[in-house]
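Note that the coordinates shown come from a computational prediction; the quantities given were computed from them, not determined experimentally. A note on names: the letters A, B, ... follow the listed sequences, proteins ahead of strands, and every chain is numbered from 1. Heavy-atom basis, side chains included; hydrogens, waters and symmetry copies ignored.
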Amino acid sequence: MGDSQPNPESPPAATTDGGATVEPHTISIAAWDVPPAIGAGERFTMKVGLKCLEGCELADSEFSIYDHDGALVATGRVPAEIWPGTAGLHVAEVELAAPAVDGLYTWSVNGPSSEEPDEGIPHAGPSLGFGIRVVSRPEYVVRIEAVDAADQTPLTEARVFMHPYRAVTDERGIAEVRVAKGTYKLFVSQTRYVTLGLPIEVDADMTARAELYVEPVVERN
Amino acid sequence: MAAKRDQKDRKRQGGKPVTRRDFVKSGAAAGVGAAVLSTSGTALAQQSPVTAVRWNYEADVVIIGAGCTGLPAAIRARDLGASVIVIDQNFDPGGKMLHSGGQISLGGGDPLQLRDIEGKGDPEGFVTAPRQHSVAELTEDTDFLFRDHTDWSVMDAAAQAPYRYNERDLHRAYADNCFATREFLMKNYVRMGRISGTHGNGGMSRARRAVTFLMEGATTDIKKGTVAKQDAGIAGKSSSHFAPRFMEDGTTVASKGARTNGAALARPLEFSAREKGVRFILNRHMDEIIREQQFSGRVVGIRASYSPRVDPETGRRLESLWQNGNIDDRTETIYIRARKAVIIGAGGHGANAQFRSMFYPAWREPAFVSSGWALLGPRGQDASGIIAGMRVGANLAGMQQNLSYASTFHFPGNLATRDPYTDMLPGHPTFSMRGSTGINLANNSFQHLIVVNQVGKRFFNEMLVTTRQGGAAFPAGPNKGQPKKGLEHVQLDWRNASVANIRATYAEPNSVHAALAMNEGSKSPDFYSGPIWAIFDRAAVERDKWNIEPPFTSPTNGFFFKADTIQELAVKIQKGHEFQRVPIAYLAETVAKWNSYVDKGSDPEFARGADAPMHKIDTPPFYAATLYPVWHDSYGGLRINGKAQVIDMQGEPIPGLYAGGESSGGGNQHGLGRALVHGYIAGTNAAREGTS
């Protein structure tokens, strides 16, 4: 999930510092790399990042992860290092266990609380929800071969989607998606090509060839 | 008489750049009473009537705008012996034509249709590509073309009638002058390839479009028809002063090595005009058309103010690519007398937010600009030609026709730039004024982002945001709203406009309307919709291999932001974008909601997921890039007749005043064809006027 929302349940109060009112700083959260489909009861990892919008140092700040029932399932601390490609995001990887029953769950990450002010400055207690998709153990393999419709050459790195399952084609244009029995909308998508989408019912291993057409360039005149 | 005077002028000037002093002498010799060159236009402007005006310059024909109407008008008037001064508010001639695709639909049995019918190439041997249409698809006459352009029955896919409201006298003249205009262009160094379909609203029944090209060569030589690779542009790297937009490959319409777009039209016309002695006063904005009395008598000249453009980085004034024939006058205000006529080719109104709001109040939003915003500058497409004409009594025409063409306003799909239409690369002098080329995305790439309004809420299915219908033109067919395709199309057939056909073909894209809708941030009295933002993450950039580095984006121009979290992104947008007037308060909530839709695999708000996969926006860093709509075409302007004379409120021509192109109305044809023909007609008739 993208970012934190200030927690309306526990807004931190402004404090005073030598008589002056000090507005609480906002900590924002990023949470990502949650696998799109997790087997029931399986362990998985995800990433949690923290940043103070006012630029306060958050190294070693603690975060907590709560499940759909509000139970604490993990805690962690972000390191001092800044995540590559960001200007000041402290990121930790955390390992979790998925629920034992299929379904879509909403869990949450909470950032450091306002009781731990940085140099006397309180911080808004942030919270960010994210989804956990728990699926039955995949039983079948759907093998997709993606090619350019015009010259029949393989399409490498084409994205194959059968929500919530997904895969990417290799240098031969082939991707294998392991899915549970069911009905899906199969998408095969590649940059600058028209996405191929068709319904597909899976009750056995399957093979399909996806011929993609180059997207017409919009005339700009 | 005019020819003699012109010979005299040319002799005096000796083919060199002309000075103000030359024109003072010229004016005095002609008995205009311009013995003293004015230095203060303001004082003179307060002196009326016309006899009090001290003219700084004079010529037989004075043309406002060095674009698609003005340049052919200037050349044609010169060919007929008139002396010509062209002014332009910009620092370089070309107008919108210079950044266009160079696509010219004419027809009626024009020389290129005949060339293709005969299976011939061009005299220079550049056009060797095979003919693209059958003889039947190329065969027509002027009556047939006229009917096509005034056909009441045609309805397009947006249920609009593009031809029904066209001015009939104007389009009769258009049809009758297409042959001559095509021939005229070819005689003035314009090379055109095979006929290929027909440009938007260029008629439903026959193929009429040809694209202008130059052959890539060692040097740029207009006479030889070549353009140097550096001038034509290097893909993904550079444009040039010669061609503000990268010139495309023209193999299919001409031959291998051909490079196409509007530079292959604008530069040859400019070259020819300069060669023939047309004089240019650039950096000069027309502020007033001067008539003997406000609503009566002849038009006798213009008032124009100095409008230089300065590079923000160097502080230097921008200069035109070519200088010969330029008059470099930096006086604040000048008056130019027209002995025969004034021709308005000042372009349209797409950049004038107040003017365009006459057609669509939501377009009063000043954030959004006309195509070519950086190229043309802040005074380009400002409706000044139309407004000046109205001030001397002109009538208007085609005022509803802005709503009858799909390209009038649309989302070009180019992120992170204020002018998403003109995908200019570094190399053109105005690049620094836009700062970024933009991230040009194909439609399929919109699966990787969401689009939000100024308060951070989504408003449309992102996969459909850039969808637009083409104009109702050959080969037509159901995707253009017509029941029959190609040669099967029947002119003036009621079935074209039948309810059943409209129901079957109606497919108006509505994303722009949704984008311009009021939202929680819209406030009285204008209720601006505010800027539009595309929101995406690092995963999108890597997955779809977008180049988000300069020159495609700029870290400083306020149209692209990067942040570690979505909340930080919202803060940066509000602080850094000129038109973000309110907090983008819902952005984090919208992204969270979107990510929950991705988890569910469906989008209950806008039905994403039906035609492309959905992707979470959760991987830092996060990005915001503007997705601006653009007002491209201008329809609705001065009413002109078949001679391109401006018509007054009584239905009579205003003596000595002509107009064409996007300054005129009543011609709902997209692109260059109508403006070129108008210019040709206007130049012809202006040169033949008596001398005042």
Side-chain angles (χ1 to χ4, degrees), chain A residues 1-6 26-34 36 47 49-53 82-83 85-91 104-106 126 128-133 157 159-164 166 168 184-185 187-195 197 214-221, chain B residues 100-103 199-200 245 261-262 407 412-413 421-423 442-445 447 463 466 468 470 535 537-539 543-545 562-571 587-589 591-592 594-596 598-602 609-614 616-622 670-672:
Chain A
M1 299 294 253
D3 206 341
S4 58
Q5 294 286 299
T26 300
I27 290 179
S28 56
I29 303 177
W32 72 104
D33 268 2
V34 178
K47 295 183 178 66
L50 301 179
K51 182 169 191 178
C52 170
L53 294 184
I82 302 300
W83 188 249
T86 70
L89 194 68
H90 297 272
V91 177
L104 177 60
Y105 301 88
T106 300
L128 172 66
F130 62 94
I132 301 286
R133 166 69 72 174
E157 295 185 27
R159 299 171 293 277
V160 178
F161 290 78
M162 295 173 69
H163 180 76
R166 56 189 61 187
V168 177
Y184 300 88
K185 181 81 180 272
F187 286 117
V188 182
S189 185
Q190 173 66 296
T191 305
R192 300 281 168 187
Y193 285 81
V194 176
T195 294
V214 173
E215 184 176 340
V217 176
V218 176
E219 189 177 274
R220 201 173 291 172
N221 40 35
Chain B
S100 73
Q103 305 186 45
H199 214 197
R245 289 174 64 198
N261 74 14
S407 280
Y421 189 90
T422 313
D423 46 359
N443 188 59
N444 193 41
S445 292
Q447 66 178 268
M463 296 304 296
T466 58
R468 62 183 169 107
I535 307 296
D537 64 358
R538 190 188 74 198
R543 198 165 48 228
D544 214 35
K545 298 180 174 56
K562 172 184 174 183
D564 292 348
T565 64
I566 292 292
Q567 275 186 312
E568 186 184 36
L569 193 64
V571 171
L587 183 61
E589 179 183 323
V591 171
W594 167 253
N595 287 339
S596 74
V598 178
D599 283 329
K600 290 171 186 161
S602 64
D611 46 11
M614 300 161 68
K616 283 187 178 180
I617 300 171
D618 65 358
T619 307
F622 299 92
H670 174 62
L672 308 163

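Judged by distance alone, the side chains of Gln567(B) and Thr26(A) never bring a donor and an acceptor atom under 3.5 Å apart. There is no side-chain donor-acceptor pair under 3.5 Å between Thr422(B) and Arg245(B).
Using a 4.5 Å cut-off between heavy atoms, Gln190(A) touches chain B through its backbone atoms (N, CA, C, O) alone. Both the backbone and the side chain of Leu89(A) come within contact range of chain B, judged by heavy atoms closer than 4.5 Å. Of the atoms belonging to Arg543(B), heavy atoms from both backbone and side chain fall under 4.5 Å from chain A. Looking at Lys600(B), both its backbone and its side chain come within 4.5 Å of chain A, counting heavy atoms on both sides.
In terms of non-hydrogen atom pairs under 4.5 Å with chain A, the most contact-rich of Pro621(B), Ala612(B), Gly601(B) is Ala612(B). Interface summary for chain A: among Asp611(B), Asp537(B), Thr466(B), the most heavy-atom pairs under 4.5 angstrom belong to Asp611(B). For chain B, the option among Glu215(A), Arg166(A), Lys47(A), Glu157(A) with the highest count of heavy-atom pairs below 4.5 Å is Glu215(A). Contacts with chain B were tallied for Tyr193(A), Trp83(A), Phe161(A); Phe161(A) has the most, counting heavy-atom pairs under 4.5 Å.
By the 4.5 Å heavy-atom criterion applied to side chains, Pro36(A) and Arg133(A) are not counted as neighbours. Residues Pro613(B) and Thr195(A) have side chains in contact (heavy-atom distance under 4.5 Å, counting atoms from C-beta outward).
Between the side chain of Asn595(B) and the backbone N or O of Lys616(B), no donor-acceptor pair lies under 3.5 Å. Of the possible donor and acceptor atoms, one in the side chain of Lys185(A) sits under 3.5 Å from a partner among the backbone N and O of Ala610(B).
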